[in-house]
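Comments concern the structure below.
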Protein chains: 2
Amino acid sequence: MQTLDDEHPVLDLSVEECWALLRTQEFGRVAYRLVDEVHIVPINYLVDRGRLIVRTGSGNKLLAAALQSDAALEIDWVDDTNAWSVVVRGRFHRLSEDEQAEVDDSRLHSWVPTLKYEMLALLPAEVTGRRFLLQR
Amino acid sequence: MQTLDDEHPVLDLSVEECWALLRTQEFGRVAYRLVDEVHIVPINYLVDRGRLIVRTGSGNKLLAAALQSDAALEIDWVDDTNAWSVVVRGRFHRLSEDEQAEVDDSRLHSWVPTLKYEMLALLPAEVTGRRFLLQR
């Protein structure tokens with residue numbers, strides 16, 4: 001990794017670094033488009049064979065998947081001096097029962113015990129990330 | 001505040017509770033639509049007279065403001081047993097120089113020292129939030 005300093009306060013992460021960070025986390029935020037509206041919600045996710053798997057009940061995210069709408073998942077981390085963020089942009093695909101059975105969902109935690117019986121995969125079109133040196 | 005328990009693992013926050021939480025934070029994520037694309041970026045913000053003020057360089061967020069595109073800012077917090085999130089949906093308005101001068105931007109920190117000479121206000125159309133009891 002390159003070093004951050006005052007002359008280089010922002011560095012782009014490589015795609016490999018982004019995936020490594022995505023695998024260390026299980027909580028992020030998903031933004032998705034629904035016609036002309038933008039929605040953003042916190043969400044648990046799982047990295048599975050190059051896809052990001054999330055659970056959902058019926059509703060807006062399923063509709064966004066049906067409409068093949070653009071979506072993005074973001075994770076970030078901040079401490080007193082450093083921060084990073086990773087963004088995965090792509091589209092949701094609703095998994096069939098057979099596809100759901102192939103996902104090792106023992107690792108897909110759902111922190112909130114509301115009914116979420118559907119599984120979506122965010123199929124990445126673009127994975128980007130940055131590290132920051134903070135001025136506070 | 002209502003109490004969260006196993007029978008009530010999710011509670012909606014009042015609009016007043018949402019604003020109180022927004023005022024305690026200065027870091028969130030902004031999602032915005034750019035034609036058919038959805039973008040999401042981490043951002044520093046400031047609550048100013050019912051608006052959320054952010055700084056930006058030239059680029060996508062300014063274009064989204066010019067296009068009057070839908071946008072949303074999200075903040076959240078998670079510990080071992082509890083979480084909350086607040087989402088403000090609305091549209092960006094690019095502040096004129098006079099409007100910028102009226103903002104007490106001594107409280108608008110920019111953690112990353114890249115050039116950000118423009119100021120946008122997210123004008124809220126909808127403010128929602130939830131508290132969660134987590135199952136881990």
Side-chain angles (χ1 to χ4, degrees), chain A residues 4 6-11 25-44 64 67-91 109-114 125-126 128-136, chain B residues 4 6-11 25-44 64 67-91 109-114 125-126 128-136:
Chain A
L4 292 167
D6 287 345
E7 284 189 25
H8 306 87
V10 183
L11 284 177
Q25 308 288 313
E26 57 177 332
F27 175 76
R29 300 96 199 155
V30 159
Y32 58 97
R33 184 171 72 86
L34 207 55
V35 192
D36 64 347
E37 293 182 354
V38 166
H39 293 265
I40 179 169
V41 288
I43 204 158
N44 291 105
L67 293 172
Q68 298 266 301
S69 295
D70 207 49
L73 184 141
E74 189 258 10
I75 60 173
D76 56 50
W77 180 83
V78 178
D79 73 7
D80 285 347
T81 54
N82 289 273
W84 56 255
S85 71
V86 173
V87 174
V88 179
R89 292 189 53 233
R91 289 173 197 276
H109 301 123
S110 187
W111 289 352
V112 182
T114 49
E126 184 184 60
T128 56
R130 295 193 297 174
R131 286 194 300 138
F132 308 95
L133 191 66
L134 301 182
Q135 290 190 328
R136 302 179 98 168
Chain B
L4 292 166
D6 287 346
E7 283 188 23
H8 306 89
V10 184
L11 283 177
Q25 308 288 312
E26 58 177 332
F27 175 76
R29 299 98 200 155
V30 158
Y32 57 97
R33 184 171 72 87
L34 207 56
V35 194
D36 64 346
E37 292 182 355
V38 167
H39 293 264
I40 180 170
V41 289
I43 204 158
N44 290 104
L67 294 172
Q68 296 267 299
S69 295
D70 208 50
L73 183 141
E74 190 259 8
I75 60 172
D76 56 51
W77 180 83
V78 177
D79 73 7
D80 284 346
T81 54
N82 289 274
W84 56 256
S85 71
V86 173
V87 175
V88 178
R89 292 188 52 230
R91 287 172 198 279
H109 302 124
S110 188
W111 290 351
V112 182
T114 50
E126 184 184 60
T128 55
R130 294 193 297 174
R131 287 194 298 137
F132 308 94
L133 190 68
L134 302 181
Q135 289 189 328
R136 298 180 100 166

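Quick note: numbers below take in every heavy atom, side chains included, and nothing from hydrogens, waters or symmetry partners. Here is how names work: the chains are called A, B, and so on, in the same order as the sequence lines, proteins then strands, and each is numbered from 1.
Proximity to chain A is limited to the side chain of Phe27(B), based on heavy atoms less than 4.5 angstrom apart. Neither the backbone nor the side chain of Val86(B) comes within less than 4.5 Å of any heavy atom in chain A. Heavy atoms closer than 4.5 Å to chain B are found nowhere in Val88(A), neither backbone nor side chain.
Residues satisfying the salt bridge (Lys or Arg N to Asp or Glu O under 4.0 Å) criterion with Arg29(A), sequence neighbours excluded, are Glu74(A), Asp76(A), Glu74(B), Asp76(B). In terms of the side chain to side chain contact (heavy atoms under 4.5 Å, CB included) criterion, residue partners of Arg89(A) (sequence neighbours excluded) are, by chain and number, Asp70(A), Ala72(A), Val87(A), Glu126(A), Glu37(B), His39(B).
At distances below 3.5 Å, at least one donor-acceptor pair connects side-chain atoms of Ser69(A) with backbone N or O atoms of Arg33(A). Arg91(A) places a side-chain N or O within donor-acceptor distance of the main-chain N or O of Gln68(A), the cut-off being under 3.5 Å.
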